[in-house]
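Along the sequence shown, residues are numbered consecutively beginning with 1.
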Amino acid sequence: VLGSHSDGQSRKRDGQRRSPSSSHLAYGVLDIPPWYLCIFLGIQHFLTALGGLVAVPLILAKDLCLQHDPLTQSYLISTIFFVSGICTLLQVLLGVRLPILQGGTFAFVAPSLAMLSLPTWKCPEWTFDASQVNTSSPEFIEEWQKRIRELQGAIMVASCVQMLVGFSGIIGFLMRFIGPLTIAPTISLVALPLFDSAGSDAGSHWGIAAMTIFLIVLFSQYMKNIALPVPVCGREKRHTAKFYLFQIFPVLLALCISWLLCFVLTTTNTFPSAPTAYGYLARTDTKGSVLSQAPWFRFPYPGQWGLPTVSLAGVFGIIAGVISSMVESVGDYYACARLVGAPPPPKHAINRGIGIEGLGCLLAGAWGTGNGTTSYSENVGALGITRVGSRMVIVAAGCVLLLMGVFGKIGAAFATIPTPVIGGMFLVMFGVITAVGISNLQYVDMNSSRNIFVFGFSIYCGLAIPNWVNKNPERLQTGILQLDQIIQVLLTTGMFVGGFLGFLLDNTIPGSLEERGLLAWIQIQESEELTKALEVYGLPCGIGTKFGTKSSCVQWLPFWPRLEHDGKGAAGVSQLSLCPQDSSGEHQKGAAETRM
């Protein structure tokens, strides 16, 4: 490919405009939107992740003996906001470098609840009676703090396993055996099993949920090409520019309009005030206790609940959650790259991404969130709707999360979004994620009975087996508590069951590379411009590409960016630069440079 460029910046911008895979985007992964757009889009990503971020501490509250202590619950929410912001910045700047938000993971919830259900950690009966609970007494504080310290220790030890798998290159080695028939069921089963929780939230008031869905679809699909004139003041004269408001902010606009309507209907007492009545959860004052008791400013810090403790049962259970989280994250990397028009992530980027997620889990354990961190599939779905793939937006979202963790009142205020509004938003997001997973099958020969069997069987078992295990947990008792916890966590995680079956069947049932989609997968990776892949997945400030390239030590690191393709028999890449010279043999200043 020959191209004439005056400088590197124009080369990046021109390449971004002409890239076929990114032509549908308002902003590509390498683009930098205006600062005010980054802030608003960052807030939109925060709102998209809000339901999951708030849900994890609230789910753990009962087993931590905190069901009658909303103030401590708000502390946990602020802490998970703060740590998620740190982990998001680490992932975007040093990890896989794709625009993926980091937050609390539901993969850790099941093993955490299993550990807290052991006789040693069951809450005393008096903690269930609100009249007997004195939230400021040392006895009560010790009851919940010793449980969260146990969770902290298990998460910190299990996170070391994830860092080892990532930074050692084990996960990158496994990627040569993972193709579209493994990725498709894994990504699809991230969202499919969540239809029950999303439907339950939306069903708390179907009218509000339907309006939220209608507004998101209206803005993102029907009004996406409507440009609003925006006055712009230049140096010479005033003029108007086109701004595609509905394409960039469909989720934020829909949430704000639905939230405002719920507020009006709450103040006029249109919604019922009885907690058991239908539509009560649509009120904006149902979570007012969190807002009134949360402090204005609070700085979370490591070890705020005391020195973490470790038990073998907790560590093995959390490791099972780590396995599921890694499988989900690898699928999210491919889905995100596809949505933002980036090349498929190379092995060194996947290694770094998983390793940084392990580091994030270590930080989450040290700060005491009671949970780990992982890539958020909901925000990957938001990328497909907003068509804004800039990673600077996710940097802004990370900064927003940090601020929400420090300003307790503001963070708690967002927790008052009515449940049906969140449910309606999730129904749209989960549908997009499922479609993104299935879209990986375009590389596979779906006229082959082999591939139809592998995908169909993986998807169906990924739904059926977890459903049966959840209803019959006693049938899988081996007598070894740690083994029982690992088996139950793995078999109740649909994405792990479907992804594992897809991986096993795809690599054992005979089939050609072309039939399996691996040939097209490899060709797509090799056809991408190497320069763009290094710009997207390389370390910042030219580390590994401009600096440190001659060091023989770092080039052997599995997570270090490389200038040439990996793999046996792969050719290196050479670049020829042609610059006009004057009579003295020196390069002409400002002359165009042709590169091949």
Atom [atom1] in [X], atom [atom2] in [Y]: separation rounded to 0.5 Å?
| X | Y | atom1 | atom2 | result |
| --- | --- | --- | --- | --- |
| S458 | L463 | OG | CG | 11.0 Å |
| I354 | Q162 | CD1 | CD | 6.0 Å |
| S188 | I459 | OG | CD1 | 4.5 Å |
| I350 | M326 | CD1 | CE | 12.5 Å |
| M425 | D201 | CE | CG | 9.5 Å |
| T508 | F503 | OG1 | CZ | 9.5 Å |

Which heavy-atom pair separates [X] from [Y] by the least distance, and what is that distance?
| X | Y | result |
| --- | --- | --- |
| P466 | C461 | CD-O, 3.5 Å |
| G389 | V340 | CA-CG1, 3.5 Å |
| P180 | L518 | CD-CD2, 4.2 Å |
| T374 | S329 | OG1-OG, 3.1 Å |
| G355 | M163 | O-CG, 3.5 Å |
| G199 | L427 | N-CD2, 4.3 Å |

For the side chain of [X] and the backbone of [Y], is there at least one donor-acceptor N/O pair under 3.5 Å apart?
| X | Y | result |
| --- | --- | --- |
| N371 | G104 | no |
| Y27 | R391 | no |
| R338 | Y334 | no |
| Y537 | P343 | yes |
| D506 | G502 | no |

Side-chain contact test, heavy atoms from C-beta onward, threshold under 4.5 Å: evaluate it for [X] versus [Y] and give yes or no.
| X | Y | result |
| --- | --- | --- |
| L363 | I86 | yes |
| S112 | I318 | yes |
| L98 | V536 | yes |
| V444 | R516 | no |
| L501 | Y460 | no |
| F108 | C361 | yes |
| R352 | V96 | no |
| I452 | M446 | yes |

For V92 and R97, run side chain to side chain contact (heavy atoms under 4.5 Å, CB included): C-alpha distance rounded to whole Å, both residues' side-chain angles, the deciding distance at 0.1 Å, then the answer.
-> CA-CA 4 Å; V92 176; R97 305 217 68 200; 5.8 Å; no
For the side chain to side chain contact (heavy atoms under 4.5 Å, CB included) test, which of L505, L181, D445 pairs with R450?
-> L181
From T88, I100, L53, residue fulfilling side chain to side chain contact (heavy atoms under 4.5 Å, CB included) relative to Y376 = L53
Between N351 and I171, is a side chain to side chain contact (heavy atoms under 4.5 Å, CB included) present by the stated rule, with each step listed?
-> CA-CA 6 Å; N351 293 337; I171 189 68; 3.2 Å; yes
Starting from the C-alpha separation in whole Å, work towards a yes-or-no answer on side chain to side chain contact (heavy atoms under 4.5 Å, CB included) for L101 and L401.
-> CA-CA 10 Å; L101 198 79; L401 282 167; 3.9 Å; yes
Inspect the surroundings of CZ in F246 and state if more than 12 heavy atoms from other residues, nucleotides or ligands are less than 6.0 Å away.
-> yes
More than 12 heavy atoms from other groups under 6.0 Å of CD on Q221 | yes
Begin with the C-alpha distance, continue with both residues' side-chain angles, and end with the deciding distance and a verdict on side chain to side chain contact (heavy atoms under 4.5 Å, CB included) for Y222 and V217.
-> CA-CA 7 Å; Y222 293 97; V217 174; 3.9 Å; yes
Report the C-alpha distance between S375 and Q102 in whole Å, list the side-chain angles of each, state the deciding distance to 0.1 Å, and finish with yes or no for side-chain hydrogen bond (donor to acceptor under 3.5 Å, both in side chains).
-> CA-CA 5 Å; S375 299; Q102 303 291 296; 3.2 Å; yes
